[in-house]
Amino acid sequence: MLREHYGVDATPVNMANKSVIGDEAPNADFDSSTHYGFANTLQQMVKEKFLELTRDSQFNKWKVLAGIFLTSNEAWDDPVLLCCTTGTKTLSGERLSMSGSVLHDCHAEILARRCVRRFLCSELNKMADTATAPHSIFQPCRDQGYRLKPGYRFHLYVSTTTCGDARVFSPHEASDGADSGRDRRSRGQLRVKIEAGEGTIPSASDDFDPVQTFDGVLAGNRLLNMSCSDKVLKMNVMGIQGALLSWFIEPIYLSSIVIGACYHAEHLHRAVIGRFNQPMSAPFRAAQPLLCNTETQEARQPAKAPPYAHNWTCLDEAPEIIDTSSGRTMLSNEVSSLSKREMYSMFKSLYERLNTRIARPERTPSTYRDWKRAAKDYADEKEIFIKTLEQKELGRWLRKPLEVGDF
């Protein structure tokens with residue numbers, strides 16, 4: 001049904017590869033003997049899609065490639081590629097906006113998460129019409145709101161280990177004794193991406209102010225974004241749907257994370273799972289997706305990263321190319337389909353048509369930021385998540401200036 005509906009070639013490559021990878025959290029629904037075959041399938045599908053999308057384009061370079069897949073059975077043998085993204089850059093601070101019109105973080109796996117939220121909105125939109133509701137991946141909950149139909153699973157592929165804690169210790173280390181030796185105290189630390197550059201530094205660094213302000217950034221302070229390792233950790237606790245869609249749906253978690261290069265099981269597990277393992281209030285939980293690598297390792301790409309990023313979803317005919325310094329589309333300088341502003345517009349449309357999981361407030365929130373805060377169970381659990389990391393002395397979770405959500 002998935003491949004017919006979205007017109008995506010989802011025919012898997014040979015799944016007979018029986019090599020067992022060193023995953024830290026095997027998924028009970030998946031035969032461990034097929035890990036390599038599954039991982040290789042995702043790698044091949046996303047690379048082929050990128051080549052197809054950019055065959056006649058001048059924007060055909062990438063340094064990090066990512067994709068999110070959907071499977072609809074417990075064998076995970078029918079993956080459909082929902083999105084294909086590239087990117088390694090973040091917004092230039094001078095382009096910061098109060099209108100939600102720019103993308104702050106154009107790293108491939110972060111754009112992939114935004115793409116999937118567009119897809120989730122399209123699937124929720126089907127629930128508003130009795131004719132299309134049966135074709136959605138969602139079903140009504142017993143009380144209010146919606147949840148995934150049984151069998152559906154989401155899977156993340158990234159061509160190299162996520163930046164931050166998972167990557168900074170990974171290359172060339174033996175797996176034995178991974179958490180002993182040099183710089184043990186810095187392992188597990190929250191890290192931030194540096195504006196207009198690549199790489200990360202610990203968020204507890206004294207090199208910058210822990211509170212980001214709009215006027216401070218415009219005056220020259222560096223705009224900082226949490227690392228991809230930290231953001232994937234958050235996805236594994238809060239879900240990939242984000243605060244706004246939590247008004248309608250229960251949290252959706254990744255079932256697997258596949259890495260194409262620089263894979264180190266212990267470091268990846270610590271970074272995206274192990275740093276937070278305490279119980280959460282239902283329906284939230286600390287998920288433990290399967291972690292695995294591909295049999296064919298992606299080649300290291302020492303060349304300078306291109307100043308643009310790609311995003312494509314199964315809803316699109318062509319990819320959107322983003323100028324990573326401006327956070328807008330390349331050449332035309334238009335607002336991206338993945339921007340906060342576009343997401344907010346889709347949310348408001350859904351809010352008018354659907355039942356909500358969360359009780360509707362007596363006083364309607366007036367801004368993007370207010371709506372996110374009004375998703376109270378999500379907001380409360382997010383605060384617990386952040387405070388827990390800080391109590392473990394893993395650093396600070398830096399937030400964007402408040403004004404970027406006031407639209």
Side-chain angles (χ1 to χ4, degrees), residues 8 10-50 62-87 107-113 115-116 152-164 166-167 170 175 228-229 231-233 235-236 240 252-274 287-301:
V8 178
T11 304
V13 296
N14 181 16
M15 297 291 287
N17 191 320
K18 301 297 183 182
S19 300
V20 178
I21 53 85
D23 67 275
E24 293 290 313
N27 188 301
D29 296 332
F30 194 54
D31 181 354
S32 61
S33 66
T34 63
H35 288 174
Y36 264 144
F38 176 72
N40 294 344
T41 296
L42 303 196
Q43 179 186 47
Q44 179 174 326
M45 288 176 66
V46 73
K47 291 179 74 173
E48 288 179 350
K49 173 54 70 173
F50 179 80
W62 62 270
K63 193 164 186 178
V64 176
L65 178 67
I68 292 181
F69 295 78
L70 181 67
T71 56
S72 59
N73 62 48
E74 299 302 329
W76 297 3
D77 61 3
D78 63 341
V80 167
L81 180 60
L82 299 182
C83 65
C84 175
T85 58
T86 73
H107 282 229
E109 49 269 69
I110 307 309
L111 293 179
R113 180 191 61 185
C115 283
V116 164
Y152 286 106
R153 300 286 187 273
F154 288 82
H155 312 271
L156 171 66
Y157 169 80
V158 189
S159 62
T160 187
T161 298
T162 54
C163 71
R167 187 191 298 171
S170 293
S175 58
C228 291
S229 289
K231 290 184 175 183
V232 174
L233 172 66
M235 291 183 218
N236 287 334
I240 62 175
I252 295 175
Y253 294 99
L254 295 170
S255 291
S256 70
I257 299 174
V258 175
I259 301 297
C262 295
Y263 176 83
H264 193 294
E266 290 86 348
H267 290 316
L268 182 62
H269 180 269
R270 179 193 62 241
V272 304
I273 297 175
Q288 297 195 26
L290 180 141
L291 309 177
C292 60
N293 63 326
T294 56
E295 189 172 19
T296 302
Q297 296 291 289
E298 294 285 359
R300 180 171 175 266
Q301 301 191 32

Under 3.5 Å, is there a donor-acceptor pair between the side chain of [X] and the main chain of [Y]?
X    : Y    : value
R167 : T161 : yes
Y263 : L291 : yes
N236 : V272 : yes
N40  : E295 : yes
T294 : A39  : no
T71  : W76  : no
S229 : T162 : yes
D78  : S72  : yes

Run the side-chain contact (heavy atoms from CB on, under 4.5 Å) check on F154 and L82 step by step: do they pass? CA-CA 9 Å; F154 288 82; L82 299 182; 3.6 Å; yes
Testing the basics here: between [X] and [Y], what is the closest heavy-atom pair and its distance to 0.1 Å?
X    : Y    : answer
A108 : L65  : CB-C, 4.3 Å
C83  : V116 : SG-CG2, 4.1 Å
L254 : P289 : O-CB, 3.3 Å
T86  : F50  : CG2-CE1, 3.6 Å
K63  : S159 : O-OG, 4.2 Å
Q297 : N293 : NE2-ND2, 3.6 Å

Please tell me if the side chains of [X] and [Y] come closer than 4.5 Å, counting only heavy atoms from C-beta onward.
X    : Y    : value
K231 : I110 : yes
I273 : L233 : no
P79  : L42  : yes
Y152 : L70  : yes
F69  : V258 : no

Return the orientation label for the H155 and F38 ring planes: parallel under 30°, perpendicular over 60°, tilted otherwise. perpendicular
Would you give the length of the straight line joining atom [atom1] of [X] to atom [atom2] of [Y], rounded to the nearest 0.5 angstrom?
X    : Y    : atom1 : atom2 : result
R153 : N73  : CZ    : CG    : 10.0 Å
I240 : R113 : CD1   : CZ    : 9.5 Å
E74  : S255 : CD    : OG    : 8.5 Å
E109 : C115 : CD    : SG    : 12.5 Å

K47 bridged to E298 by N-O distance under 4.0 Å: yes
Using side-chain contact (heavy atoms from CB on, under 4.5 Å) as the criterion, point out the one residue from L268, T160, V158 that pairs with C262. T160
